[in-house]
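Below, chains carry the letters A, B, ... as their sequence lines are ordered, and counting in each starts from 1.
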There are 2 protein chains.
Amino acid sequence: MTSTPLSRSEAKDLTRRKLIRAALAILDEEGEAGLSTVKVARAAGIAQSSFYVHFKDMQELLRVLAEEGGERLRSSMREARRRARESPGDLGLHRETFRIPLESICRHPELLRIQIRARHDPSSSLRDFASETAAAYREHHAADLAALGYTADNERDRRRLDMIADGINAATNALAMGHLEGRYPDLDEAADILTALSRGALRLLRSTSGATRPGDEPPARP
Amino acid sequence: MTSTPLSRSEAKDLTRRKLIRAALAILDEEGEAGLSTVKVARAAGIAQSSFYVHFKDMQELLRVLAEEGGERLRSSMREARRRARESPGDLGLHRETFRIPLESICRHPELLRIQIRARHDPSSSLRDFASETAAAYREHHAADLAALGYTADNERDRRRLDMIADGINAATNALAMGHLEGRYPDLDEAADILTALSRGALRLLRSTSGATRPGDEPPARP
DNA sequence: AATTTCACCGATAGTACTATCGGTGAAATT
DNA sequence: AATTTCACCGATAGTACTATCGGTGAAATT
């Protein structure tokens with residue numbers, strides 16, 4: 001082992017990173033209820049009281065965690081969008097549209113778990129983060145639908161697009177979690193299912209866009 | 001006010017119910033982290049120490065809560081199945097299949113919220129309850145699909161049915177939550193979206209059942 | 001009527017955690 | 001070289017909660 005002479009600020013930054021990493025791990029393994037300055041500090045290898053050198057309180061650490069997580073998720077989605085645009089063909093694009101979010105989730109599953117938990121936990125300090133993330137995903141999806149040629153010009157259609165994005169989103173999360181739990185080993189299969197689900201929804205939009213009330217399935221395109 | 005002379009056991013049962021109700025309310029409003037014998041007992045109008053007359057500890061109260069919640073959910077689903085069977089016509093049946101679970105959820109939203117939270121919280125004492133409930137929903141849905149004529153006779157098709165049930169399920173929850181949050185005021189619209197999503201998935205099953213790999217969309221029925 | 005049972009009470013010991021404070025030594029500055 | 005800064009430390013007061021214990025009075029039993 002080569003000794004590394006660290007400056008004071010470098011050393012401080014290092015322990016700060018250690019605290020953040022430790023908190024993320026505990027958050028993922030034991031949930032928000034399992035977090036305490038005692039545990040985080042010990043996991044990072046410092047005294048409990050030294051926790052306060054780096055963060056005002058646990059709340060602030062969680063805020064930082066949310067910001068970093070949000071940044072990671074956003075960049076992951078940007079990357080996804082970029083790759084999807086490069087994908088060849090129309091079917092390919094449609095399928096990539098679904099495989100890529102699945103992959104993004106599987107790359108940082110702890111972020112999704114934490115987010116889902118926070119989204120439904122009224123006592124969570126991460127609720128805002130969770131809501132923003134959910135909204136970002138919805139927008140992401142709305143953009144994808146727009147890219148496929150579906151735009152909403154009245155309130156009902158907008159609400160429908162929202163519901164579809166919401167539903168597909170939830171399904172994406174569910175399949176990703178199932179993949180991580182080992183139930184669905186093949187992500188391509190999952191992407192196929194999502195593609196099929198969305199096809200059904202798009203068919204509905206196509207068949208009744210602007211109409212007053214849906215019948216069964218008139219074939220007309222807008 | 002007419003005075004009600006209660007026997008000792010009746011009175012005990014009453015406070016027990018009060019404790020359970022109080023716990024459920026706190027669980028819904030503040031999450032599992034907000035639960036404590038202090039709060040529950042106070043909300044039920046008894047001394048903190050009297051909590052232990054009724055339950056060994058908080059863990060046991062949560063177990064009872066999970067059992068009661070499970071029973072409520074199961075009976076809600078039985079009722080749903082019964083009504084769906086009575087529904088006229090094939091399209092009607094398909095749509096009822098989706099509207100009824102939505103209604104069930106909206107009748108007891110706190111149960112879904114608690115379940116979703118527990119399902120993703122590693123520190124929760126309600127995880128088993130949540131897993132069982134999720135599995136029950138999936139079976140419910142698999143049965144619905146079977147009723148519509150989709151049966152799986154190989155591993156890949158079984159996995160697909162699972163994924164579809166999982167995905168539709170997640171979408172159902174998402175739309176129900178959206179309805180409760182006021183974003184989707186009309187449950188029928190939500191049911192239409194779910195119907196459309198599932199149609200897409202069913203079309204996939206139809207077109208590639210038993211085949212080795214899906215192409216785009218051959219029209220053949222099995 | 002006498003006795004027993006028991007749901008509930010207040011007090012309290014024990015546990016886990018938060019957040020502050022004064023002290024220390026090595027890094028940084030002068 | 002002398003002085004200052006500051007990341008980290010141990011100790012500790014304060015907070016919130018759990019779970020037990022002995023006591024009490026009214027209901028239930030004898």
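- A 3.5 Å limit on both hydrogen-bonding distances identifies dC8(D) as the Watson-Crick or G-U partner of dG23(C).
- Considering only side-chain atoms of V38(A), the nucleotide from dT18(D), dT18(C), dG10(C) that sits closest is dT18(C).
- Remark: dT30(D) base-pairs with dA1(C); criterion is Watson-Crick or G-U wobble with both hydrogen-bond distances under 3.5 Å.
- When the nucleotides dA19(D), dC8(D), dT18(C) are ranked by their closest atom to the side chain of H54(A), dC8(D) comes out on top.
- Of the candidate nucleotides dC9(C), dT18(D), dC17(C), dT18(D) has the atom nearest to the side chain of S36(B).
- At a threshold of 4.0 Å, the pair E68(B)-R17(B) counts as salt-bridged, since one of the basic side-chain nitrogens sits closer than that to a carboxylate oxygen.
- Taking 4.5 Å as the limit, every side-chain heavy atom of L111(B) sits out of range of all side-chain heavy atoms of T133(B).
- Per the geometry, CG belonging to L14(A) stands 9 Å off P belonging to dC8(D), to the nearest Å.
- Here dC9(D) is the nucleotide among dC8(D), dA11(C), dC9(D) with the atom lying nearest to any side-chain atom of I46(A).
- Atom C1' of nucleotide dA16(C) and atom NZ of K39(A) are separated by 10 Å, given to the nearest angstrom.
- In the set dC17(D), dA26(C), dC8(C), dA26(C) carries the atom at the smallest distance from any side-chain atom of R8(A).
- Summary of the strand contacts: Q48(B) and T15(A) both lie near DNA chain D, and taking for each the nucleotide with the nearest heavy atom, the more 5' one is attributed to T15(A).
- Neither OP1 nor OP2 of dC17(D) sits under 4.0 Å from any side-chain N or O of T37(B).
- Atom CG of D57(B) and atom P of dT15(C) are 17 Å apart (whole Å).
- In this structure, the nucleotide among dC8(D), dC8(C), dC21(D) sitting nearest to the side chain of S49(B) is dC21(D).
- Atom pair K12(B):NZ and dC9(C):C1' shows a separation of 15 Å (rounding to whole Å applied).
- Atoms CZ (R16(A)) and C1' (dC6(D)) sit 16 Å apart, rounded to a whole Å.
- Straight-line distance from the OH atom of Y52(B) to the P atom of dG10(C): 16 Å, rounded to whole Å.
- Residues Y184(B) and D162(A) have side chains that never bring a donor and an acceptor to within less than 3.5 angstrom of each other.
- Between S50(A) and dA7(D) there is no side-chain N or O to OP1 or OP2 distance below 4.0 Å.
- With no hydrogens or angles considered, a side-chain donor-acceptor pair links E32(B) and S124(B) at under 3.5 Å.
- Across the strands present, dG14(C) finds its partner in dC17(D); the criterion is a Watson-Crick or G-U wobble pair with both atom distances under 3.5 angstrom.
- One atom, CG of L35(B), and another, P of dA16(D), lie 17 Å apart when rounded to the nearest Å.
- Distance, E10(A) CD to dA7(D) C1': 14 Å, rounded to whole Å.
- Residues R160(A) and E189(B) are not paired through a salt bridge, judged by the lack of any N-O separation under 4.0 Å between the basic side chain and the carboxylate.
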